[in-house]
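One structure, pasted below without further comment.
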Amino acid sequence: MLMKSAWVSFAAVLAAAVLLAGCERPATSFPDTAVARAGNETISKFELERAMARLGPMNAAEAAQARGKVLEALVDQYLVGHAARDAKLDKAPEVVLAMQQAQRQVLVEAYMERLFKDLPPPSDDAIRDYYNRHPEWFAQRRLYRVQELELQLAPARIAEIEAQLGKSHGLSEFTAWLDTQGIAVKSGETVRPAEKIPAAVLSQFARMKDGQAVVIPVDGDRVGVLQLLGSQAQPVSPEQAHDAISHQLLAEQRRTLLEAEIRQLRASGKVEYASGFAPAPASAAAPLDRP
């Protein structure tokens, strides 16, 4: 039987196969063996192996079982694709646009793969330094049990909410007040590790006592109220954190390299905006608040 992760990826592979087929297969024929024919088109061994690779690591028995299923799915996709073209769906504006976007996305991913291929893995010293600079995520890591309220109201009322929260005797009294104000509330209790909490909130949790609450702007007309119910220590050793930190540092290196590459492409390319569509200057843009 296929491993669970393979089945999870299987649907994504099949969904992308039709869009990617035209971008992955050169116009000239591959010097490899055809594995099937659907209508007047040949499915190559290269295409089948690419689809298999997206399923992730498998042992020989799992691969043998998956290969037939993937090939049949590719055949079905070719046949459906033929039927769509016969119905002139490939001429519909929304379909043409989707195919163009899919092709651009494949090219972008290929370009990024080439851009990142020579990046060295983070050094042990860099990983150790990252570990030491973030004790809240590792050596002093905690699990936080939090009562969350999501309020639907204008950001202009945040000061009023904070004032009412400060003078309320408990969250139940506060929620009763919200009800009298006709403010819609969604509530729930969750347990979050430190690394899943935005840095600004985490620094506040570190100073809070159990039972205290804080108001956090979310976006638009949503405001969060987080009450700290309790926490417990769950440290992570350098050995346990090694791989996660390595992935994080590599992701940061890739992001920095990609941002530099895009700046260079924008500087050397020609970009024009129609009237009214030019983006706001960078200095006027609001900073993103990311966890």
Measure across Gln147 and Ser187 and return the closest heavy-atom pair with its distance rounded to 0.1 Å.
NE2-CB, 3.9 Å

Just verifying a value: how many Å separate Arg145 CZ and Thr190 OG1, rounded to the nearest 0.5 Å?
11.0 Å

Let me check something: do Val146 and Trp137 share a hydrophobic cluster, defined by ILVMFWY side-chain heavy atoms less than 4.5 Å apart, either directly or through other members?
yes

Ring-plane angle category for Phe138 and Tyr131, please: parallel below 30°, perpendicular beyond 60°, tilted otherwise.
parallel

Any side-chain to backbone donor/acceptor pair from Ser246 onto His242? Under 3.5 Å, distance only.
no

If you count every heavy atom of other residues, nucleotides or ligands that lies below 6.0 Å from Arg133 atom CZ, does the total exceed 12?
yes

Taking atom CG of Leu71 and atom CG of Asp76, what is their separation to the nearest 0.5 Å?
9.5 Å

Hey, are Ser268 and Gln264 close enough side-chain-wise for a donor-acceptor pair under 3.5 Å?
no

Step by step, would you call Leu250 with Phe116 a side-chain contact (heavy atoms from CB on, under 4.5 Å)?
CA-CA 10 Å; Leu250 187 58; Phe116 298 151; over 6 Å; no

Between Glu109 and Gln105, do the side chains contain an N or O donor and an N or O acceptor separated by less than 3.5 Å?
yes

When clusters are formed by joining ILVMFWY residues with side-chain heavy atoms under 4.5 Å apart, either directly or through shared neighbours, do Val108 and Leu119 land in the same one?
yes

Look at atom CD of Glu113 and say whether more than 12 heavy atoms of other residues, nucleotides or ligands are closer to it than 6.0 Å.
no

Determine whether a donor-acceptor pair (N or O, by modelled atom type, separation under 3.5 Å) exists between the side chain of Asn132 and the backbone of Arg128.
yes

CD1/Ile197 to CD1/Ile216 distance, rounded to the nearest 0.5 angstrom?
10.5 Å

Could you walk me through whether His134 and Gln248 pass the side-chain contact (heavy atoms from CB on, under 4.5 Å) test, one step at a time?
CA-CA 13 Å; His134 295 285; Gln248 174 66 21; over 6 Å; no

Checking the side chain of Gln212 only, and the main-chain atoms of Lys209 only, is there a donor and an acceptor separated by less than 3.5 Å?
yes

Are Tyr144 and Val225 grouped together when hydrophobic residues (ILVMFWY) are joined by side-chain heavy atoms under 4.5 angstrom apart?
no

Please round to the nearest 0.5 Å and tell me the distance separating atom NZ of Lys117 and atom CZ of Arg114.
8.5 Å

Applying side-chain contact (heavy atoms from CB on, under 4.5 Å) to Gln181 and Gln164, what does each step give before you reach the verdict?
CA-CA 12 Å; Gln181 299 296 305; Gln164 182 61 43; over 6 Å; no

For the atom pair CG (Asp210) and CD (Gln227), what is the distance rounded to the nearest 0.5 Å?
9.5 Å

Evaluate the criterion side-chain contact (heavy atoms from CB on, under 4.5 Å) for residue pair Leu143 and Gln232; output intermediate values, then yes/no.
CA-CA 5 Å; Leu143 291 179; Gln232 66 182 65; 4.1 Å; yes

Do Ser237 and Gln240 have side-chain atoms, one donor and one acceptor, less than 3.5 Å apart?
yes

Connected via hydrophobic side-chain network under 4.5 Å: Ile43 and Leu79
yes

ILVMFWY network linking Ile183 to Ile158, side-chain heavy atoms under 4.5 angstrom:
yes

Looking at CG of Leu171 and CG of Leu229, how far apart are the two atoms once the value is rounded to the nearest 0.5 Å?
8.5 Å

